[in-house]
Amino acid sequence: MQEFPQGRLLLLWRIGLFFDKMTKERMCRLMCLGIPGKITSMGNGKAVAEIMGVSREISVELLKDVKIGDFVLIHAGCAIQIIDREEAEATIQLFSELKDVMND
Amino acid sequence: MNNSNYIDEFHNSGAASAIVAALGRYDGRKLNIMEVCGTHTMSIFRHGIRELLPESVNLISGPGCPVCVTPVSFMDLAVLLAREKDVIIATFGDLLRVPGSLTSLAEEKADGADIRIVYSPLDALKTARGNPEKRVVFLSVGFETTTPVIALAVLKAYEENLPNFSILAANKTMPEALKILAADSGSRIDGFLYPGHVSAVTGTQFYRELAEAYRVPGVVAGFEPLDILHGIYTLTRLCSEDGNSVVNEYSRVVREQGNPIALEKMKEVFEPCSAIWRGLGKIEGSGLGVREKYGRFDARRVFGLVETAGKEPKGCICGEVLKGKATPDKCGLFGKTCTPESPAGACMVSSEGTCAAYFRYNKGVII
């Protein structure tokens, strides 16, 4: 059983709660924001994703073949697409091309 | 890229400098590029991207913010419902302060109406299950990114036979509005920066059809600074060519065919109808209405609602701003009677509205 945090620990715990609440409020306010999150568990038609350090239950019912460890694009509580890691690498390569050209 | 979060790599300043330098070398004709997504509008302002572009590349913000194009009459209906004693309104946060003809949901909430902000329409279902003696109405606003999630909520309500849940729908789709913008010779749009997350659902086929028909090239771009900068760079090159190419630079998330399951659920619950876009007027086939099969989840049917013509605030030029024909500072109300704290029009209320972004990031320009 955990002891209730005292003194400075209590302050840190409260600050942690505050940031957690701010992140959740920000997520509520920005309805159009789709963000990448990592699937950490799945079962019974539900999934849990870690989004910017915050774990949240999301639906994966708009996708098939999602697995634990996948990164997905999450919007309004639902995963709407799986992030293709090879394509992400290719895009980063593309964006760096001009930099490489300049450095030649 | 084992520890990647798929965000940080797209903020690389070395690559950004190189792209900005390449853009600086653009010496073609003056270009008007329109971005049609509220999240793009916000990201562009937040990262100061306009300041990094050469004089000859003009970036216009289009009607891609669903809250901004929601008509005043919709807010009036929401207020009407909020005043019913047994109704709980569940809504995305952005809608809370949008002014109706006389009042806003925020004011109604302060007066005691039960209005709850939700992050997901699926949370509104939980509210309905937990409050069987009340009727929960979800304010259904959004483009193709959000609509499938709302459709999923309605399908779940149908499966569970939930008796006290309905949606007040003002969902819209982009294609018809894009056609009007592309065809409008008054605005002379040379290229489109297409919305990455709408495209993740819809796929890219329509953009190719638009490019063919109106010879307007486009780039599908993500929302990180590198995505946007590189997207604009690619557009300057496409505009110099023949003008009917579409390039997908958000391939990590956008597939040609989009998300077929999401599209199927959208079609199952919704059917196309005409819709009023604030500032653009009525556009045929650009709205989505709830199909008859799911009629008992359609708040308009459940409550017998009749749409009235809403009253726009006098002097508000949200319409011209949404079409890219005026910048916010040209509006007589901007910064005076219309500010983020007390907004007059929707472009100022939504956190992704052009006027809100302009106000927040261009403070030096305000008179």
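This one's a predicted model, so the numbers in the text were calculated from it and none came from an experiment. All values below come from the heavy atoms of this structure, side chains included, with hydrogens, waters and symmetry mates left out. So you know, we letter chains A, B, ... as the sequences are listed, proteins then strands, and number each from 1.
Counting heavy-atom pairs closer than 4.5 Å to chain B, the top residue among A:Ala90, A:Gly77, A:Ser96 is A:Gly77. Between chain A and the options B:Pro121, B:Ser251, B:Gly14, the largest number of non-hydrogen pairs under 4.5 Å is found for B:Ser251.
To the nearest 0.5 angstrom, B:Ile261 atom CD1 is 5.5 Å from A:Lys64 atom NZ. For the atom pair CE of B:Met266 and CG of A:Leu62, the computed distance is 11.0 Å after rounding to the nearest 0.5 Å. Atom CG in B:Leu152 sits 5.5 Å away from atom SG in A:Cys78 (nearest 0.5 Å). Put simply, NE2 on B:His197 and CD1 on A:Ile74 are 11.0 Å apart, with the number rounded to the nearest 0.5 Å. Put simply, CD1 on A:Ile35 and OG1 on B:Thr39 are 11.0 Å apart, with the number rounded to the nearest 0.5 Å. In this structure, the separation between CG on B:Asn248 and CD on A:Glu87 is 8.0 Å, given to the nearest 0.5 Å.
By the neighbour-count criterion of 12 heavy atoms within 6.0 Å, atom CZ of B:Arg237 is sparsely surrounded, having that number or fewer from other residues, nucleotides or ligands.
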I'd like to know whether A:Glu61 forms a salt bridge (charged side-chain N to carboxylate O under 4.0 Å, His left out) with B:Lys156, so could you lay out the CA-CA distance, the side-chain angles of the two residues, the decisive distance to 0.1 Å, and finally the verdict. CA-CA 11 Å; A:Glu61 287 152 286; B:Lys156 281 174 174 299; 2.8 Å; yes
With side chain to side chain contact (heavy atoms under 4.5 Å, CB included) as the test, would you mind laying out the steps for B:Glu249 and A:Thr91 before giving the verdict? CA-CA 7 Å; B:Glu249 293 198 348; A:Thr91 304; 5.6 Å; no
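Contacts between B:Asp227 and chain A at a heavy-atom distance below 4.5 Å involve backbone atoms as well as side-chain atoms. In this structure, chain B has heavy atoms under 4.5 Å from both the backbone and the side chain of A:Leu63. Contact annotation for A:Leu73: only side-chain heavy atoms (C-beta onward) come within less than 4.5 Å of a heavy atom of chain B. Both the backbone and the side chain of B:Leu226 have a heavy atom closer than 4.5 Å to some heavy atom of chain A. For B:Tyr233, the part lying near chain A is the side chain, with the backbone staying farther off; criterion is any non-hydrogen pair under 4.5 Å.
For the pair A:Glu89 and B:Arg252, the salt-bridge criterion is not met [side-chain N within less than 4.0 Å of a carboxylate O].
Side chain of B:Asn259 to main chain of A:Gln81: no donor-acceptor pair is present (N/O by atom type, distance under 3.5 Å, no hydrogens or angles).
The heavy-atom pair separating A:His75 from B:Tyr119 by the smallest distance is C-OH, 4.4 Å. Smallest separation of non-hydrogen atoms from B:Val149 and A:Ala76: CG1-O, 3.6 Å.
Contact of the B:Leu122 side chain with the A:Ser59 side chain is registered, since non-hydrogen atoms from C-beta on lie closer than 4.5 Å.
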